[in-house]
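In what follows, a single structure is set out as structure tokens and then discussed.
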Amino acid sequence: AYHSRLRHELLSLRDASGATLASVNADRTRHSGLELGLAWAASRAVDARLAWTWQDFRFDNDPLRANNRIAGAPRHLVNLAAEWRVTGQLALNGLVRWVPGRTPVDNMNTVYNPAHVVANLGADYAISGDWTVFARVSNLFDKRYAASTLTLDQAMTQQAVYLPGQGRAGYVGASLRF
């Protein structure tokens with residue numbers, strides 16, 4: 001758990017007239033959060049890990065932005081990973097990344113990046129103690145989402161602010177440990 005009150009955090013802001021100031025020091029902001037990680041070994045062959053982050057980044061009585069959320073910081077992030085070691089050589093794994101709520105794109109909190117979830121699958125096959133071949137499929141369901149956004153003080157209509165996440169992709173490779 002954490003909580004901090006900052007003075008002069010460097011942010012991309014504008015003045016009361018709407019003129020962009022670029023990166024300047026905000027008067028006061030506050031950051032609060034909680035992080036939790038759990039690991040579970042269901043058996044010798046199956047284990048899972050869960051990581052959850054809650055964060056609340058806000059302006060602190062700013063004359064223009066009041067107590068708005070700071071752009072670009074999702075309130076919740078959830079990652080769930082699981083692995084099944086089918087044999088001594090073959091392991092199957094999955095990862096789910098979930099942003100369950102919308103995230104402000106601008107400090108005025110007028111434009112938001114919607115919630116999204118992305119699932120990945122993989123397999124590893126150990127040829128020897130040092131060599132492993134692997135296959136991965138990322139974004140299994142080919143979800144269209146913005147992996148990130150520009151962080152602005154005030155978003156304008158028709159402004160390109162969303163940075164697209166990768167579509168479904170497959171990978172095959174090998175790794176050598178030495």
(message) Can you confirm whether Y2 is buried at OH, in the sense that more than 12 heavy atoms of other residues, nucleotides or ligands lie under 6.0 Å from that atom?
(response) yes
(request) Indicate the atoms forming the closest heavy-atom contact of Y162 with P164, along with that distance. (result) O-CD, 3.6 Å
(message) Looking at W40, is its backbone amide N or carbonyl O close enough to the side chain of D47 to form a donor-acceptor pair, meaning the two atoms are under 3.5 Å apart?
(response) no
(request) Tell me yes or no: between the side chains of H31 and S4, is some donor less than 3.5 Å from an acceptor? (result) no
(message) Do T149 and L163 have side chains that approach each other closer than 4.5 Å (heavy atoms only, starting at C-beta)?
(response) no
(request) Go through the steps for L176 and W131 under the test side chain to side chain contact (heavy atoms under 4.5 Å, CB included), then give the verdict. (result) CA-CA 5 Å; L176 170 63; W131 280 98; 3.5 Å; yes
(message) For a 4.5 angstrom cut-off between non-hydrogen side-chain atoms, does E83 reach L92?
(response) no
(message) Within the structure provided, determine whether V118 and Q166 are in side-chain contact (heavy-atom separation under 4.5 Å).
(response) no
Atom pairs and distances, side-chain donor-acceptor, residues 70-81, under 3.5 Å, sequence neighbours left out:
from, atom 1, to, atom 2, distance (Å)
R75, NH1, D56, OD1, 2.8
H76, ND1, W52, NE1, 3.2

(message) Pair R177, D130 - check salt bridge (Lys or Arg N to Asp or Glu O under 4.0 Å), show working.
(response) CA-CA 5 Å; R177 191 177 349 184; D130 296 329; 5.3 Å; no
(message) Treating D153 as the side-chain partner and L13 as the backbone partner, does any N or O pair qualify as donor plus acceptor under 3.5 Å?
(response) no
(message) side chain to side chain contact (heavy atoms under 4.5 Å, CB included) for V137 and R168? Distances and angles first, verdict last.
(response) CA-CA 7 Å; V137 177; R168 182 183 306 125; 4.1 Å; yes
(request) Report whether L36 and V96 are members of the same hydrophobic cluster (ILVMFWY, side-chain heavy atoms less than 4.5 Å apart, transitive linking). (result) yes
(message) Does R28 have more than 12 heavy atoms from other residues, nucleotides or ligands lying within 6.0 Å of its CZ?
(response) yes
(request) With side chain to side chain contact (heavy atoms under 4.5 Å, CB included) as the test, would you mind laying out the steps for L34 and T53 before giving the verdict? (result) CA-CA 6 Å; L34 180 64; T53 301; over 6 Å; no
(request) For the residue pair N107 and N68, confirm or rule out a side-chain donor-acceptor distance under 3.5 Å. (result) no
(request) Return yes if some donor-acceptor pair links the side-chain N/O of N109 with the main-chain N/O of D106 below 3.5 Å, else return no. (result) yes
(request) Determine, using the 4.5 Å side-chain heavy-atom cutoff (strictly less than), whether F134 and F178 are members of one ILVMFWY cluster. (result) no
(request) Test side chain to side chain contact (heavy atoms under 4.5 Å, CB included) on R30 and L6 and set out the steps. (result) CA-CA 6 Å; R30 61 183 188 265; L6 296 108; 6.0 Å; no
(request) Supply the atom-to-atom distance R85 CZ to L90 CG, rounded to the nearest 0.5 angstrom. (result) 11.5 Å
(request) Ignoring hydrogens and angles, tell me if any N or O in the side chain of Q55 forms a donor-acceptor pair with the backbone of G33 under 3.5 Å. (result) no
(request) Please examine the side chains of S32 and F57, heavy atoms only from C-beta on, and report whether any two atoms are closer than 4.5 Å. (result) no
(request) Answer yes if L50 and V46 sit in the same cluster of Ile, Leu, Val, Met, Phe, Trp and Tyr residues linked by side chain heavy atoms under 4.5 Å apart, and no otherwise. (result) no
(message) Measuring only between side-chain heavy atoms, which start at C-beta, is V117 closer than 4.5 Å to R97?
(response) no
(request) Following the transitive rule for hydrophobic clusters with a side-chain heavy-atom cut-off under 4.5 Å over Ile, Leu, Val, Met, Phe, Trp and Tyr, establish whether W84 and Y125 coincide in one cluster. (result) yes
(message) Ignoring hydrogens and geometry beyond distance, is a side-chain donor-acceptor pair present between N93 and D124 at under 3.5 Å?
(response) yes
(message) By the definition side-chain contact (heavy atoms from CB on, under 4.5 Å), identify the one residue from T29, V24, T151 that meets it with L11.
(response) T29
(request) Examine R136 relative to Y171 and say whether NZ or CZ is less than 6.0 Å from the centre of the six-membered ring and inside a 45° cone about the ring axis. (result) no
(request) For residues F59 and A26, report the shortest heavy-atom separation together with the two atoms involved. (result) CE2-CB, 4.3 Å
(request) Give a yes or no on whether F141 and L95 share a hydrophobic cluster (residues Ile, Leu, Val, Met, Phe, Trp, Tyr; joining criterion: side-chain heavy atoms under 4.5 Å apart). (result) no
(message) Testing the basics here: between N25 and H8, what is the closest heavy-atom pair and its distance to 0.1 Å?
(response) ND2-O, 2.5 Å
(request) Measure across L121 and L140 and return the closest heavy-atom pair with its distance rounded to 0.1 Å. (result) CD1-CD2, 3.6 Å
(request) Give a yes or no on whether the backbone of A66 and the side-chain of D62 come within a donor-acceptor separation of less than 3.5 Å. (result) no
